*Asks:* 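Sending over a structure as structure tokens; questions will come in a sec.
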Amino acid sequence: MIAMGLLSFPYQLSAVGYSQWWLPIFFGIIANVTIIPMIWLAGKYKEDSLFKIHEILFGRIMGKTINMVLIIIGCILMAATVERYLEMIQLVAFPYRTLTGPLIMLMLVAVFIAKRGIKSVARFCIIAFFLTSPMVYLLRWGLEEGKITHLLPLFNFTGKEFLAATKEGYSSIVGYELLMFYFPYIINQKKVFKHASIGIWISIFFYFLISMVSVIHFSEWQLKNVLYPVLNLFKYVELSFLEKIDTIGITFWVFLILSTVSAYLWVLKEGIESLRSKKHAAHLYIIAVIITVMVFIPLSQSQEEKIYGHAFYASYALILWPNLLSLVHMIKSRKGRGSNDKSKMVYICCLFNRLFRLYVGKR
Amino acid sequence: MESDETQPALEELAMIGVIAFDYIDEKKMKMTVIAPQPSPDAKEHTQSYTIEATLITEGLVQISAKADRMASLSQLRVVLFSEEFAKKGKMIEIVHYLYRDADVRETVRLGIVKDNAGDVLTADYPDKPNTNVYLTNLFEPKLYTTFSPFTDLHIFIAKSTDPTISPTVPYLEVTEGQPEISKIALFDGNHMVDTLEQDDGKLTQALSGMKKIAPFNFNLSEEEVVALEFIKADVKYKSNNNFDSPKITIKLNLESALDEYKGPIKITSSKDLRKLEKSVEERLEMKIAELIAKFKKDKVDPIGLLETLRMKHQGKWTNELTEQLLEKAKFDVVVNIEIVNIGAVK
């Protein structure tokens, strides 16, 4: 959940101005609600990841097509994360260099982590958490130079601004949907909801802290115009024994990027394996090469923004996707129990009817 | 350098510590920079370069061409502007440029110089080891100079873009070859408009919520002089939340120690002390009222007097709104002084 998004989180929320600081809590509630169907569904198919569930629910061909789409989206998301990070590293640490070297190094390490399977990814995530979370202390300097009165008023925005901020800001929170892919590897499946909620709220705590400190530290104009507020907060640190702590902070961020990238890499590998229905070590390398090539493709800034932006919206769809899947699952299991002579049409009608109701209900 | 991809080695960089900008005309400016000379063989420990340029990058290229090393801004500490430069409103362009540059730290301090900013850099300071270090230290906040805001890049950008508050910058005057932070420059958005005296600067700092402020002397009457040192300052704002006829009450509580007193009454009892407190309070209330009247006249608000109103305001806050409200607003000032300490001798 925490990668590039956190660095520019206050910037993405800037549509609501100073009132943004409590929005992460709202996001946390949404995230916590949306994991319920995920876990419910995964609980029905304890041994299978989402790729397998698709094939069971929609049939072989349809399921594989959906998986294909998922893999493409995953590739784009991963490339987006890597590229955004590299752009920033260039800005901060290597202003005089091209980024081929760092990119290859980053991918190599990610492959190395993902190669040993989800267990090593999980271990790396834990290390990354303990190595990077002390950086919260660096926010102290930013907090000292600011106005706490910026926290009020609480609701100074219009509905439109709120929607815009949610649309932009929630893309930083996504990532927890990977739960559906590694669920079968979890040992204590009964307590997943509790553990996942704890995980979500730990991440939300960091988001909350950063957006609150940013609101106190920056003016509204800065929130709207400073691209990486966390970087600027790090730049404000003054230590007597060390200068330019921001460079260290941002390079440390690579742990967070790696934990995200390696998790995506592993999921994509699983996807390809389910697509080809066989396991092979080369899959991982192929994906890594594809991502590297994708980052290299020289697209203009606006095209990139467009593609990556759409990919992030696709991940919103993925978060709501389990709702639909659960529905299909319910219908399917009822069909299994009930009379078999009902025509397929009736089920499709039923499905649409339910979908419609769901849609209306959401409105 | 082996190839154009390598990062230059440290010895190949001229680490600029201080830059000064002077106004030439609408397009051109004079840039003066100083960088430390690391070589022990050199007679002078500071290298200085002066060039004329339209853009900063252009200037840096010119300096690199003049210097034996490549100019870098990553060790920049202090940026000085001449008063003319600031009054013409050109300062904001430079500040924005520096703020955008990821190489430049955010804690670079800003200063305004009365006449020629470049001269401060190129002047000789025989009793100082290094002009770079000297100017950097001059702009480090110390207790006795807290009348000055010590604005850095971030604060200046934050305040100049925030409609509820206007930036202030320390103002340097050179007297007998010695630069001295004598006043505080007041800004209206991007233009420098006026200066504040040191005493007013102290009050401004206290009113904007600073806990520690510099010692204060008062001339209560012809022959009565008091010097107070402040232990703790605490300010509270309260407004009536009425946007048509705003009224803001400012409560300033000061805990202080009596440093010196020269005057007709002998302070022997706590009663005398209360009397003294009372007269100082009155004096301060008057001073603050005068200060606010000055802000109203200049249409600036370096304190953020209207912040309590903004906290209750729905919708966008604009510069016009600040101006309107500042003109309409009535301010009630209550100062409360408690002298807790008169020294170790009775």
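Keep in mind the model is a prediction, meaning the values are calculated, not measured. Just so it is clear, the values below take in all heavy atoms, side chains as well, and ignore hydrogens, waters and symmetry mates. Below, chain A is the first sequence line, B the second, and so on; all start at residue 1.
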*Asks:* So does A/Phe129 have more than 12 non-hydrogen atoms from other groups sitting under 6.0 Å from CZ?
*Replies:* yes

*Asks:* First locate atom CD of A/Glu220, then atom OG1 of B/Thr161, and finally report the distance between them rounded to the nearest 0.5 Å.
*Replies:* 9.5 Å

*Asks:* Please classify the contact of B/Leu153 with chain A as side chain, backbone, both or neither, using a heavy-atom distance under 4.5 Å.
*Replies:* neither

*Asks:* Given heavy-atom pairs under 4.5 angstrom as the criterion, report whether the side chain, backbone, both or neither of A/Val226 touches chain B.
*Replies:* side chain

*Asks:* Within the supplied structure, the quantity of interest is the number of heavy atoms (other residues, nucleotides, ligands) at a distance under 6.0 Å from A/Phe296 CZ; does it exceed 12?
*Replies:* yes

*Asks:* Set out, in order, the CA-CA distance, both residues' side-chain angles and the distance that settles side-chain contact (heavy atoms from CB on, under 4.5 Å) for B/Glu106 and A/Trp141, then state yes or no.
*Replies:* CA-CA 12 Å; B/Glu106 229 126 282; A/Trp141 282 263; over 6 Å; no

*Asks:* So which atom in B/Ala158 and which in A/Ser219 form the shortest heavy-atom distance, rounded to 0.1 Å?
*Replies:* O-CB, 3.3 Å

*Asks:* Who passes side chain to side chain donor-acceptor pair (under 3.5 Å) against B/Gln75, sequence neighbours left out?
*Replies:* A/Glu243, B/Arg77

*Asks:* Please look at B/Arg100 and chain A and tell me whether the side chain, the backbone, both or neither of the residue comes under 4.5 angstrom of a heavy atom of that chain.
*Replies:* neither

*Asks:* Below 4.5 Å from any heavy atom of chain A, which atoms of B/Asp101 appear? Answer side chain, backbone, both or neither.
*Replies:* backbone

*Asks:* Should we count NZ of B/Lys211 as having more than 12 external heavy atoms under 6.0 Å?
*Replies:* yes

*Asks:* Donor-acceptor check, side chain of B/His154 to backbone of A/His217, threshold 3.5 angstrom: yes or no?
*Replies:* yes

*Asks:* Taking all non-hydrogen atoms of both residues into account, name the closest pair between B/Asp152 and A/Tyr236 and its distance.
*Replies:* OD2-OH, 2.6 Å

*Asks:* Determine, step by step, whether A/Trp221 and B/Ile157 satisfy the side-chain contact (heavy atoms from CB on, under 4.5 Å) criterion, reporting the C-alpha distance in whole Å, the side-chain angles of both residues, the deciding distance to 0.1 Å, and the verdict.
*Replies:* CA-CA 9 Å; A/Trp221 180 90; B/Ile157 294 270; 3.7 Å; yes

*Asks:* Report the option among B/Val104, B/Ile155, B/Ile165 that has the most heavy-atom pairs separated by less than 4.5 Å from atoms of chain A.
*Replies:* B/Ile155

*Asks:* For B/Val300, give me all partners under side-chain contact (heavy atoms from CB on, under 4.5 Å), at least two apart in sequence or on another chain.
*Replies:* B/Ser166, B/Leu186, B/Asp188, B/Val193, B/Phe295, B/Asp298, B/Pro302

*Asks:* Where on B/Ser208 is there a heavy atom nearer than 4.5 Å to chain A: the side chain, the backbone, both, or neither?
*Replies:* neither

